[in-house]
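Okay, structure first, notes after.
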2 protein chains.
Amino acid sequence: MAYRETEKMRQRKALAREKIINCTYECVAEGGFRSARITRIAGLAEVATGTIYRHFESREDLFAEVFQLATQKEVDKVAEALNTSGDAAARLEAALRQFAGRALRGPVMAWSLLAEPVDPKVEEERLAYRKAYASLFEKTIREGITEGCFPDQNAQQSSTCLVGAIAESLVGPLSLTQPNRENEDNDPLVDAIIRFCMQGLTGTRR
Amino acid sequence: MAYRETEKMRQRKALAREKIINCTYECVAEGGFRSARITRIAGLAEVATGTIYRHFESREDLFAEVFQLATQKEVDKVAEALNTSGDAAARLEAALRQFAGRALRGPVMAWSLLAEPVDPKVEEERLAYRKAYASLFEKTIREGITEGCFPDQNAQQSSTCLVGAIAESLVGPLSLTQPNRENEDNDPLVDAIIRFCMQGLTGTRR
DNA sequence: ACAAAGAATGAATAATGATTCACTACTTAT
DNA sequence: ATAAGTAGTGAATCATTATTCATTCTTTGT
């Protein structure tokens with residue numbers, strides 16, 4: 001036996017793999033999954049198209065992995081915001097702000113994760129993604145009901161409404177057509193959304 | 001001049017055109033625009049694929065027209081509900097119920113109209129569709145503010161949240177995975193959504 | 001230096017599906 | 001009946017891209 005995979009090679013391969021993932025991420029952030037061509041990704045990563053298939057079973061699989069990666073980042077941020085101190089309402093509000101803020105900073109990625117239909121494998125991941133959000137929100141809503149800061153309600157349904165209201169406001173076609181106002185002050189927009197959401201939960205004007 | 005289009009022919013053509021539109025509608029209601037193949041549509045309509053191109057410039061154009069048709073139906077229903085008697089809150093609630101009820105009865109079509117990304121021409125139509133809803137809701141919210149049954153708020157933003165909350169709950173990926181409960185009683189679901197939405201608008205528990 | 005094994009390459013292939021167009025069939029007016 | 005014009009046909013074409021695989025290049029152990 002002349003050649004045996006060595007540590008050095010393992011690392012080099014891992015690096016190439018990572019580079020492909022990063023370049024895919026970049027492509028997706030630019031124009032979504034559907035417009036991310038294998039040739040473009042290969043070009044960015046400075047490898048041949050065939051090489052991508054050495055590291056990933058298929059385009060779908062590559063996308064599913066990139067989706068998971070991107071997703072994890074987002075969900076972690078929201079979970080983090082939910083772990084701050086304060087009552088359930090305050091924590092939820094912080095989380096919604098986190099969600100909205102990140103989506104506004106990367107609208108194409110947000111759209112890809114929330115709404116863009118891609119293929120069954122990615123769709124499966126998206127399901128998990130939405131469920132992760134729903135569960136996080138739902139749990140906090142329940143805590144809020146126990147704490148007494150939210151009235152009794154269908155926590156699961158409410159969390160779905162939350163995600164929907166935010167997603168629609170932030171990545172709906174109306175917001176995407178408007179010129180990409182990079183460093184514009186989006187606080188009033190976020191404030192209006194948050195107000196609607198918190199009122200929807202609490203039934204209390206503030 | 002030997003042949004000149006006669007009334008009879010005009011009607012026959014119009015009929016064929018209409019049949020194509022109806023069959024396209026059927027395909028879309030089944031699986032959305034993306035999976036509606038020209039061949040399938042032609043098959044259903046009992047014409048050759050080429051015939052479709054005698055009546056429509058392109059697939060995109062055909063879809064845009066079908067979208068418009070479907071859209072008009074939906075918006076009209078909501079507008080109708082908004083024209084009943086009662087205060088703004090009552091009328092809006094009736095409209096939301098109409099919206100939700102129709103979406104539940106035709107979830108794939110609702111998804112196609114609200115969320116499925118297709119192509120630029122259809123996307124343009126969707127924009128008009130969303131604007132139509134937004135304007136209807138927005139107008140009523142404004143009336144409600146004047147009437148005093150809603151507190152002052154960003155009416156446009158609130159209407160977007162309304163659409164989002166409903167869409168997510170009814171046609172979002174989470175709801176689509178659940179078994180298609182044909183004739184199940186969806187009232188509790190709709191009630192929960194409506195409650196969230198009305199609270200979001202009024203900031204009042206009821 | 002050599003050979004074995006694996007990795008990378010990218011042109012060729014394959015699959016999908018919209019669209020075209022040369023042709024046939026039908027309608028109409030004379 | 002005939003000719004001119006229009007509608008309908010559907011197999012062939014074209015366009016787009018993911019994927020393959022025969023070949024070339026690298027790495028490793030002896």
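Below, chain A is the first sequence line, B the second, and so on; all start at residue 1.
- Put simply, A/His55 has no side-chain N or O that comes within less than 4.0 Å of OP1 or OP2 on C/dA7.
- Comparing D/dT27, C/dA18, D/dA18 against the side chain of A/Ile38 picks out D/dA18 as the nearest.
- In this structure, B/Thr146 contributes its side chain and B/Arg142 its backbone to a donor-acceptor pair below 3.5 Å.
- We find that CG of A/Asp61 is positioned 9 Å from P of D/dT19, with the value rounded to whole Å.
- We find that NZ of A/Lys8 is positioned 6 Å from P of D/dT27, with the value rounded to whole Å.
- Put simply, the side chain of A/Arg59 gets close to the backbone of A/Ala36: a donor and an acceptor are under 3.5 Å apart.
- Residue A/Thr51 is classed as a base contact, given a heavy-atom separation below 4.0 Å to a base.
- Among the nucleotides C/dT27, C/dG6, D/dA7, the one closest to any side-chain atom of B/Lys13 is D/dA7.
- Within a 6.0 Å radius of NZ in B/Lys19, other residues, nucleotides and ligands contribute more than 12 heavy atoms.
- The interatomic distance linking B/Ile41 (CD1) with C/dG17 (C1') rounds to 12 Å, in whole Å.
- Distances were taken from every side-chain heavy atom of A/Met9 (C-beta onward) to each of D/dT27, D/dT19, C/dT27; the shortest belongs to D/dT27.
- Residue A/Arg12 is in sugar-phosphate contact alone, with no base atom involved, counting any heavy-atom pair closer than 4.0 Å across all strands shown.
- B/Arg34 has its CZ atom 16 Å from the P atom of C/dT16, to the nearest Å.
- Counting only heavy atoms from C-beta on, B/Tyr53 has its side chain closest to C/dA18 among C/dA18, C/dT28, D/dG10.
- Looking at A/Arg54, its side chain comes within 3.5 Å of the base of C/dA8 through a donor and an acceptor atom.
- With A/Thr6 contributing its side chain and A/Met9 its backbone, the two residues share no donor-acceptor pair below 3.5 Å.
- Going from atom CD of B/Gln11 over to atom C1' of C/dT27 covers 15 Å, rounded to whole Å.
- Side-chain contact, B/Asp76 with B/Gln72: a donor N or O sits under 3.5 Å from an acceptor N or O.
- Computed from coordinates, the B/Ile20 CD1 to D/dA7 P distance equals 13 Å when rounded to whole Å.
- Distances from the side chain of B/Val47 to the nucleotides C/dT20, D/dT9, C/dG10 place D/dT9 closest.
- When the side-chain nitrogen and oxygen atoms of A/Arg4 are compared with OP1 and OP2 of D/dT28, none of them lie within a distance under 4.0 Å.
- Closest to the B/Tyr3 side chain, of the nucleotides D/dG5, C/dA11, D/dG10, is D/dG5.
- Ring planes of A/Phe137 and A/Phe99: parallel class, angle under 30° (limits at 30 and 60°).
- Look at CG on B/Asp119: it is 16 Å from P on C/dG17, rounded to the nearest Å.
- Checking D/dT19, D/dT9, D/dT28 against every side-chain atom of A/Arg59, the shortest atom distance belongs to D/dT19.
- For the pair B/Glu5 and B/Glu60, nearest-nucleotide mapping onto DNA chain C gives the more 5' position to B/Glu60.
- Among the heavy atoms of the strands lying under 4.0 Å from B/Thr49 is at least one base atom, whether or not backbone atoms are also near.
- Regarding A/Phe63, its CZ atom lies at a distance of 10 Å from the C1' atom of D/dA18, rounded to whole Å.
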